[in-house]
Number of protein chains: 2
Amino acid sequence: MTSDQTPAQRLPTLEDVAQVAGVSRATVSRVINNIRNVDPQLHKVVWDAVTATGYVPNRAARSLVTGRTGAIALVVSEAENRAADDPFLGAFFSDPFFGRVVGGVLSVLRPSGVHLALVLAGDEDACAKVVSDVRQGQVDGVVVLSLHPHDPLPRLLADAAVPAVLYGRPAAPMPISYVDVATYQGAKLAADHLIARGCQHVATISGSVDMPAGVDRLNGFREAMAKQGVAYVPSYDGGFTQEGGERAMERLLAEHPEVDGVFVASDVMAQGVMTVLREAGKAVPDDVAVIGFDDSSAALATRPQLTTVRQPVEDMAAEMARLLLTRIDQRANRTTSVIFDPDLVARASA
Amino acid sequence: MTSDQTPAQRLPTLEDVAQVAGVSRATVSRVINNIRNVDPQLHKVVWDAVTATGYVPNRAARSLVTGRTGAIALVVSEAENRAADDPFLGAFFSDPFFGRVVGGVLSVLRPSGVHLALVLAGDEDACAKVVSDVRQGQVDGVVVLSLHPHDPLPRLLADAAVPAVLYGRPAAPMPISYVDVATYQGAKLAADHLIARGCQHVATISGSVDMPAGVDRLNGFREAMAKQGVAYVPSYDGGFTQEGGERAMERLLAEHPEVDGVFVASDVMAQGVMTVLREAGKAVPDDVAVIGFDDSSAALATRPQLTTVRQPVEDMAAEMARLLLTRIDQRANRTTSVIFDPDLVARASA
DNA sequence: TCGGGAGCGGAGAGCGCTCTCCCTCTGTGC
DNA sequence: GCACAGAGGGAGAGCGCTCTCCGCTCCCGA
């Protein structure tokens, strides 16, 4: 009776449930994991016993024998040249985008009882650690937010053939799963909208052109404008920052004062663009129509509010989680990609 | 030699290290965990063997026997009346604040190898689940971001006497650890700054007065102004939202057009305030000086940039993690609170 | 010289679970 | 009526680790 002295302290185990249900440990395990056919009556008896005892499987014990942890990591990879505690990483975290991804991923993970561990990979060493963490079974797989085009992490993950899903197409082609948005289509939505408004002098402020998102948004927009009969579209690199957006808009205004429509490759840059336009005495959208990209919360913070191309971040993040869970489940080494359609969210700026 | 057929597949275990080092499993364990005095020479031999084999302790096995998981949860508790997948939760995640907390917590956790699991508690059931998760050893403890004054989670955690640390003082007094900022002092910084500027007609836009932060920032400001000889300060409730800030500022301007200095209880509200002031043709800071609170990224997004009371979010979050780890380590049920000093970050708006 | 204690390392028992065997029992076909 | 298949359930091994015992060695003082 030693073990019964502190019944409130000791958590119920399989053994306890088995005893209450009058079956063996193995049977309880089968019921809990839905394995093989267990007699329906017994099935119910076991579940009743589970409820009665308040039994919850012990993760550690289960992990130990299955070799799975029931946890995946969300890796925010900042690796390139900055230290992990660099203020810049904080700045990224400050971006609304991060939280939306977390929300999307968790919406899928919660029902399946999988934990989400947060990991920051600030440099190449940290990236290597991420890979070894997966191989050593600290987590079953990773979803990755990679912030730089030269981030070594995607390559490392692909080489290690480890369960992983990226947010956004990797900068270089490699065998790794990812979700992305149909950027060309999004840029086309913006182009068509500006044309439909009657804009005669359209320009674009692009993101960094060494990032897939930067290149695709620029090229997609140009292509769509070409289809509309506009052969040339001036473009300025805003580097995906608010500050960069301001500088780019200043140059655009200086060199093309006749501009009456701008496609800005991110909402954050668009914030800067709006500021510059206001200071230049240009009314939005009457003098200059502005369209952003992402539909982040920045789009709601501007006045007038920003018309933008909506990237379904939450849905994409949820799909990442789904792809990863499938991959882990099947233990097969197949890579997949899922591309989402963007929408145009028409607000006041265009 | 069965087990040696696929040496690349099987991860090294304590046993393997022991064999290489020529000692027993127990000794390797002692070395790894720094327990008792092990002969320094042997110590080195063991570490060499660890390096040689590439051994990494198996979390699950360790957990199983120690009863610790080596993971803590960051709980974002939205519990009050909304469902977990409600868009509002997404909106919270969009707030820069969240990411800063994560960064701070991780900076402490990473060195100690503790995992950070993200948990969303959208309703009271989810809160109960959080508590049982800790009791059932899914995680060793929790750090909590509680978003509503009537959130049941802090109470549940306190009652269960579970290792937990809150961000911000709980709405009602209870035995639970927390970190907070010296709000009165912060409000005083703002008051003194406005007075020093020569503002004659000072008002404040407060947050929700049913939240500790809302009440304290308002009362602290009033008290500080009183000390400066200003007996009455008009106040308007902006509910901690940008929209609410706009409405409050509109009313303030209508009822006190002579206002020349405003303390706004959050940067997000201040964004709205700035918009309204601009539309009303008031120059900031010449006509009206504006001071915010938080030093969030919203403070950098306004033009002119916002003078604000800086809440050292990252430091506070780091301290939360530290307090929690200590609490878990000692297994003692003592509650502590740590209060941080705010700074005034002088930018252009005041 | 010997007893005793401190220091150090090994043996071995589990932690709670899954999963492979194997046994039992029922039902079916000849 | 018997062999056999097949399904349901039990026994038990063992996942990798920690930690309690226990025994050995070595040094010191008597």
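Labels below follow one simple rule: chain letters A, B, ... track the order of the sequence lines, proteins then strands, and each chain is numbered from 1.
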Atom pair CE/CZ of B:M174 and B:R155 - distance to nearest 0.5 Å = 4.0 Å

Minimum-distance nucleotide to A:N58 side chain [options: C:dC17, D:dC17, D:dG10] | C:dC17

B:D151 side-chain N/O to B:S146 backbone N/O, donor-acceptor pair under 3.5 Å = no

Salt bridge B:K44-B:D48, side-chain N to carboxylate O under 4.0 Å | yes

Is any side-chain nitrogen or oxygen of B:S24 closer than 4.0 Å to OP1 or OP2 of C:dG10?
-> yes

Does anything in residues 62-71 of chain B reach DNA chain D, meaning a heavy atom under 4.0 Å, and if so which residues?
-> B:R62, B:L64, B:V65, B:T66

Does B:D125 pair with B:K129 as a salt bridge, N-O distance under 4.0 Å?
-> no

Take atom CD of B:E15 and atom C1' of D:dC15, then tell me their distance rounded to the nearest Å.
-> 13 Å

Taking five pairs at each end of the helix from C:dT1-D:dA30 to C:dC30-D:dG1, what angle separates the two helix axes (nearest 10°)?
-> 50°

Of the listed nucleotides C:dA11, D:dT18, C:dT18, the one nearest the side chain of A:R25 | C:dT18

Regarding the side chain of B:N33, the nearest nucleotide among D:dT18, D:dG12, D:dC17 is D:dT18

Minimum heavy-atom distance B:A18-B:S24, with the two atoms named | CB-C, 3.6 Å

Among C:dC17, D:dG9, C:dG10, which nucleotide sits nearest the side chain of A:D39?
-> D:dG9

Among D:dG16, C:dC17, C:dG10, which nucleotide sits nearest the side chain of B:R30?
-> C:dG10

Upstream residue (5' side of DNA chain D) when B:I32 and A:T27 are each assigned their closest nucleotide | A:T27

Write down the distance between NE2 (B:H43) and P (C:dG7), rounded to a whole number of angstrom.
-> 17 Å

